[in-house]
Asks: 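This is the structure I want to talk about, given as structure tokens.
Only heavy atoms go into these numbers, but all of them, side chains included; no hydrogens, no water, no symmetry mates. As the structure is a prediction and not an experimental result, all values here were calculated from the model.
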Amino acid sequence: MVNTPRKKSPRAPTMALGEALERAAKAYDKERLHSAPTNVVAQNLGYKGINGPALAALASLRYYGILERPREGQLAVTKDFEGFKYSPSEDLKRSFLINFLRKPALFAELLDKYDSGLPSDANLKYDLIQRGFIPSSAASVVAVFRQSIEFAGYFDKDDL
């Protein structure tokens with residue numbers, strides 16, 4: 001029997017933006033902007049230590065630009081998260097949300113492609129599969145993407 005490598009999907013957040021911000025708030029409350037070992041940050045996010053779900057969560061927060069790696073084995077909450085948390089106006093807060101939402105390259109590409117509004121889930125899933133995602137991952141990314149867009153109010157029209 002031939003050993004074939006397991007196909008992995010391209011990188012994308014596995015956690016919606018709203019949940020990512022809630023988790024980051026827990027880490028921020030404990031460490032502020034100070035760097036900490038990766039396992040400590042994982043514990044601050046609510047995980048028992050470094051495991052698959054913790055690594056996926058940490059990666060998602062990094063994709064959004066909410067966590068950064070100041071040096072190997074260390075993570076820190078970004079200054080942008082602090083700006084979001086203490087934002088004095090809803091407009092500024094929304095600006096931070098849009099920046100977080102557009103930080104993952106895949107999300108920025110999809111938002112640029114579908115700038116007038118998103119197509120159906122089936123259409124988005126097809127697009128992701130064409131980009132190299134396995135079907136189950138594509139469905140999951142579509143759900144995370146939609147939840148994140150809704151949370152950020154990306155397509156909400158400003159009242160004039």
Side-chain angles (χ1 to χ4, degrees), residues 1-88 92-111 118 121 124-125 127-154:
M1 188 156 133
V2 177
N3 231 0
T4 56
R6 192 174 78 124
K7 184 177 184 329
K8 291 178 73 175
S9 292
R11 295 174 182 217
T14 57
M15 177 185 293
L17 180 57
E19 183 181 350
L21 291 167
E22 286 175 20
R23 299 252 181 169
K26 293 176 183 179
Y28 180 84
D29 289 345
K30 296 205 170 152
E31 309 295 344
R32 299 291 182 247
L33 300 178
H34 302 291
S35 66
T38 303
N39 65 322
V40 171
V41 175
Q43 290 170 10
N44 291 342
L45 297 181
Y47 297 93
K48 294 195 184 313
I50 298 296
N51 54 32
L55 289 172
L58 293 169
S60 290
L61 271 68
R62 288 189 63 217
Y63 295 148
Y64 287 124
I66 296 169
L67 280 183
E68 62 189 355
R69 181 184 296 158
R71 62 186 165 277
E72 192 61 36
Q74 300 270 312
L75 292 171
V77 175
T78 62
K79 188 81 173 144
D80 282 349
F81 174 81
E82 187 176 63
F84 167 77
K85 181 175 172 71
Y86 293 109
S87 176
L92 185 56
K93 189 169 274 226
R94 185 165 186 264
S95 175
F96 277 111
L97 286 175
I98 300 303
N99 287 336
F100 293 141
L101 180 64
R102 293 187 62 84
K103 191 69 91 169
L106 174 68
F107 285 11
E109 290 170 19
L110 292 173
L111 289 168
L118 294 183
D121 285 359
L124 281 172
K125 182 177 175 181
D127 190 340
L128 293 176
I129 291 169
Q130 295 307 302
R131 292 169 183 258
F133 283 83
I134 57 175
S136 60
S137 289
S140 175
V141 170
V142 167
V144 165
F145 184 53
R146 276 203 188 274
Q147 289 170 15
S148 298
I149 284 172
E150 188 174 309
F151 180 81
Y154 188 83

Asks: Taking only residues two or more places apart in sequence, or in another chain, which ones meet Tyr64 in a ring-ring contact (aromatic ring centres under 6.0 Å, His included)?
Replies: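 Here no residue qualifies.
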
Asks: Verify side chain to side chain contact (heavy atoms under 4.5 Å, CB included) between Leu33 and Lys79, making sure each step is shown before the conclusion.
Replies: CA-CA 7 Å; Leu33 300 178; Lys79 188 81 173 144; 3.7 Å; yes

Asks: For Phe100 and Phe84, take the angle between the two ring planes, folded into 0 to 90°, and tell me which bin it lands in: parallel under 30, tilted 30 to 60, perpendicular over 60.
Replies: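 Correct class here is perpendicular.
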
Asks: Tell me the salt bridge (Lys or Arg N to Asp or Glu O under 4.0 Å) pairs involving residues 134-154, sequence neighbours left out?
Replies: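 Passing the test, one end in residues 134-154: Asp121-Arg146.
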
Asks: Within this structure, what is the CD1-CG distance for the pair Ile149 and Leu97, rounded to the nearest 0.5 Å?
Replies: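 Rounded to the nearest 0.5 Å, the CD1-CG separation comes out at 12.5 Å.
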
Asks: Just wondering, do Phe145 and Leu128 contact through their side chains at under 4.5 Å, heavy atoms?
Replies: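 No, their side chains stay 4.5 Å or more apart.
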
Asks: Please find the pair of heavy atoms, one from Lys125 and one from Val142, that lie closest to each other, and give the distance.
Replies: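 Reported closest heavy-atom pair: N-CG2, 3.7 Å.
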
Asks: What is the minimum heavy-atom distance between Val77 and Arg32, and which atoms define it?
Replies: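 In terms of heavy atoms, the two residues are closest at CB-O, 3.8 Å.
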
Asks: Distance-only criterion, 3.5 Å: show the donor-acceptor pairs between side-chain atoms of residues 41-57 and protein atoms not counting sequence neighbours.
Replies:
unit_1, atom_1, unit_2, atom_2, d
Asn44, ND2, Glu31, OE2, 3.1
Tyr47, OH, Arg23, NH1, 3.1
Asn51, OD1, Ala54, N, 2.9

Asks: Nearest 0.5 Å, what's the CG-CZ distance between Leu110 and Arg102?
Replies: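 Taking CG in Leu110 and CZ in Arg102, the distance rounds to 10.0 Å.
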
Asks: Return the minimal non-hydrogen interatomic distance between Ser35 and Arg71, and the atom names on each side.
Replies: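 In this case the closest contact between Ser35 and Arg71 is OG-NH2, 3.3 Å.
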
Asks: With a 3.5 Å distance limit and no angle check, can you tell me whether Ser148 reaches the backbone of Ala16 through a side-chain donor-acceptor pair?
Replies: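 Looks like no, no N/O pair under 3.5 Å.
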
Asks: Rounded to the nearest 0.5 Å, what separates atom CG in Leu61 from atom NZ in Lys103?
Replies: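 Answer rounded to 0.5 Å: 13.0 Å.
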
Asks: Is there a side chain to side chain contact (heavy atoms under 4.5 Å, CB included) between Leu75 and Arg62 once you walk through the steps?
Replies: CA-CA 9 Å; Leu75 292 171; Arg62 288 189 63 217; 3.7 Å; yes

Asks: To the nearest 0.5 Å, what is the distance between CG on Leu17 and CD on Glu22?
Replies: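 Between atom CG of Leu17 and atom CD of Glu22 there are 10.0 Å.
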
Asks: Check this for me, if you would: do Glu82 and Lys85 make a salt bridge, where the nitrogen-to-carboxylate-oxygen distance has to be below 4.0 angstrom?
Replies: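 Looking at Lys85 together with Glu82, the answer is no, because their closest N to O distance does not fall below 4.0 Å.
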
Asks: Once side-chain hydrogen bond (donor to acceptor under 3.5 Å, both in side chains) is applied, do any residues pair with Thr78, and if so which ones, sequence neighbours excluded?
Replies: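 side-chain hydrogen bond (donor to acceptor under 3.5 Å, both in side chains) check on Thr78 returns nothing, list empty.
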
Asks: Once you round to the nearest 0.5 Å, how far does CD1 of Ile66 lie from CG of Asn99?
Replies: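 The CD1 atom of Ile66 sits 11.5 Å away from the CG atom of Asn99.
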
Asks: Taking ring-ring contact (aromatic ring centres under 6.0 Å, His included) as the definition, give me every residue that meets it alongside Tyr28, ordered by chain and number, with sequence neighbours left out.
Replies: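 For Tyr28, the residues satisfying ring-ring contact (aromatic ring centres under 6.0 Å, His included) (neighbours in sequence not counted) are Phe81.
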
Asks: Identify the heavy atoms of Phe107 and Val144 that sit nearest to each other, and give their distance.
Replies: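 Smallest heavy-atom distance, with atoms named: CZ-CG1, 4.1 Å.
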
Asks: Looking at every heavy atom in both Ser60 and Thr14, which two are closest together, and how far apart are they?
Replies: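 That would be OG-N, 2.8 Å.
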
Asks: Name every donor-acceptor pair, under 3.5 Å, that has one atom in a side chain of residues 130-141 and the other anywhere in the protein, sequence neighbours excluded.
Replies:
unit_1, atom_1, unit_2, atom_2, d
Arg131, NE, Asp127, OD1, 2.9
Arg131, NH1, Glu109, OE1, 2.6
Ser137, OG, Ser9, OG, 3.4

